[in-house]
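Order of listing sets the numbers, starting from 1, for every ligand and every atom in it. Positions are given from 1, in the same order as the sequence printed here.
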Amino acid sequence: MGEKEMTLDTVRDSLIRQEDTIIFSLIERAKFPMNSPTYQEPKSCVGFCGSLIRFFVNETESLQAKAGRYQNPEENAFFPDHLPPSLVPPYAFPPVLHRAGASINVNNKIWDIYFKQLLPLFIISGDDGNYASTASSDLNCLQAISRRIHYGKFVAEVKYKDAPHDYEPAIRAKDRDALMKLLTFKAVEETVKKRVEKKAMIFGEEVTTNTTCTESNEGKHKIDPPLVSRLYDEWIMPLTKFVQVEYLLRRLD
Ligand SMILES: O=C(O)C(=O)C[C@]1(C(=O)O)C=C[C@@H](O)C=C1
């Protein structure tokens with residue numbers, strides 16, 4: 001975010017814009033079949049040890065760390081241990097987050113859910129050999145989803161600053177349920193679910209120049225729109241809220 005102060009409206013605008021990134025990245029991943037050799041642990045080390053996806057993410061994060069990606073408090077690495085330091089001159093990101101909550105990282109959960117639950121839902125089975133491209137598009141999805149979920153820290157900070165007296169008793173009592181209630185807006189969640197479904201429909205439509213005969217493409221989408229809504233309902237929004245609760249619990253440290 002630029003110089004302007006964050007408000008609930010500006011953080012929500014960012015979440016809305018991030019929907020585009022997430023949906024486009026899912027559409028890109030859906031170009032490839034499952035390509036399961038990307039994820040298999042080989043029996044022995046082949047120039048690197050472990051699965052291709054881990055190798056790919058580790059190496060890419062290492063390069064991106066050198067290029068300064070993780071200087072930005074909106075970015076969280078999947079393998080944060082042993083990352084090299086940034087080699088680029090630091091940018092003075094505005095210090096929005098409270099120190100104690102800034103380091104929250106739920107990427108382990110995101111990793112597990114993405115590979116075990118999400119991929120099988122929206123990727124067809126098969127193997128076309130494009131393992132590196134598959135790993136690359138997985139990382140784009142993971143980074144977009146991770147950025148969105150960890151953006152919960154900023155959402156929580158803004159909500160706390162807007163109404164510290166509402167949040168403080170629940171924070172002091174470590175009352176997760178009360179915090180969850182305070183930060184939840186059901187009507188907003190319903191709007192998010194409807195909007196992402198609509199975006200998936202529009203972004204994933206087959207575009208033709210033929211205006212008279214679109215029937216053959218009608219109803220065909222590169223990613224199933226209701227599935228995107230479900231993904232938000234079952235994983236993305238709950239994890240964003242989990243991050244908000246975790247952040248708030250540390251807000252008075
Ligand atoms: O917009 C908010 O207030 C948020 O906290 C974000 C979000 C979401 O993840 O989209 C999460 C919780 C709210 O219930 C509504 C939406």
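- Listed by atom number, the atoms of ligand 1 under 4.0 Å from Arg12 heavy atoms are 1 (O), 2 (C), 3 (O).
- Shown are Asn107, Asn105, Asn76; of these, the side chain to side chain donor-acceptor pair (under 3.5 Å) with Ser146 is made only by Asn107.
- Near Thr184, meaning under 4.0 Å from one of its heavy atoms, ligand 1 places the atoms 14 (O).
- Each of the atoms 11 (C), 12 (C) of ligand 1 lies under 4.0 Å from some heavy atom of Lys241.
- Using modelled atom types, no side-chain atom of Thr184 and backbone atom of Lys181 make a donor-acceptor pair closer than 3.5 Å.
- Linking ILVMFWY side-chain heavy atoms closer than 4.5 Å, directly or via other members, places Phe242 and Tyr151 in a single hydrophobic cluster.
- Only the backbone of Leu183 comes within contact range of ligand 1, with a heavy atom under 4.0 Å; no side-chain atom does.
- Within the set Met180, Lys193, Arg148, the minimum heavy-atom distance to atom 8 (C) of ligand 1 is found for Arg148.
- Geometrically, ligand 1 and Lys186 share no nitrogen or oxygen pair separated by less than 3.5 Å.
- Within ligand 1, counting atoms from 1 as listed, the ones closer than 4.0 Å to a heavy atom of Phe185 are 3 (O), 13 (C), 14 (O), 15 (C).
- Ion pair Arg250/Glu246 flagged as a salt bridge, since at least one NZ, NE, NH1 or NH2 atom sits closer than 4.0 Å to an Asp/Glu carboxylate oxygen.
- The protein heavy atom nearest to atom 6 (C) of ligand 1 is Leu15 CD1, 3.9 Å.
- The hydrophobic cluster containing Tyr114 also contains Ile22, counting ILVMFWY residues as joined when their side-chain heavy atoms lie under 4.5 angstrom apart, directly or transitively.
- Between Val155 and ligand 1, not a single N/O pair is under 3.5 Å apart.
- For atom 13 (C) of ligand 1, the candidate residues are Glu19, Gln18, Glu189; the nearest heavy-atom contact is made by Glu189.
- A salt bridge links Lys161 with Glu157: the distance from a Lys NZ or Arg NE/NH1/NH2 to an Asp or Glu carboxylate oxygen falls below 4.0 Å.
- Between Gln244 and ligand 1, a contact under 3.5 Å exists for at least one N or O pair.
- Atom numbering of ligand 1 starts at 1 in the shown order; those under 4.0 Å from a heavy atom of Met237 are 8 (C), 9 (O), 10 (O).
- Ion pair Glu197/Lys194 not flagged as a salt bridge, since none of the NZ, NE, NH1 or NH2 atoms sits closer than 4.0 Å to an Asp/Glu carboxylate oxygen.
- Using a 4.0 Å threshold on non-hydrogen atoms, atom 11 (C) of ligand 1 counts as touching the protein.
- Residue contacts with ligand 1: Lys159 is placed with a nitrogen or oxygen under 3.5 Å of a nitrogen or oxygen of the ligand (distance criterion only).
- By the 30° and 60° cut-offs, the orientation of the rings of Phe203 relative to Phe24 is parallel.
- Cation-pi geometry between Arg12 and Phe185 is met: the NZ or CZ atom falls under 6.0 Å from the ring centre, inside 45° of the normal.
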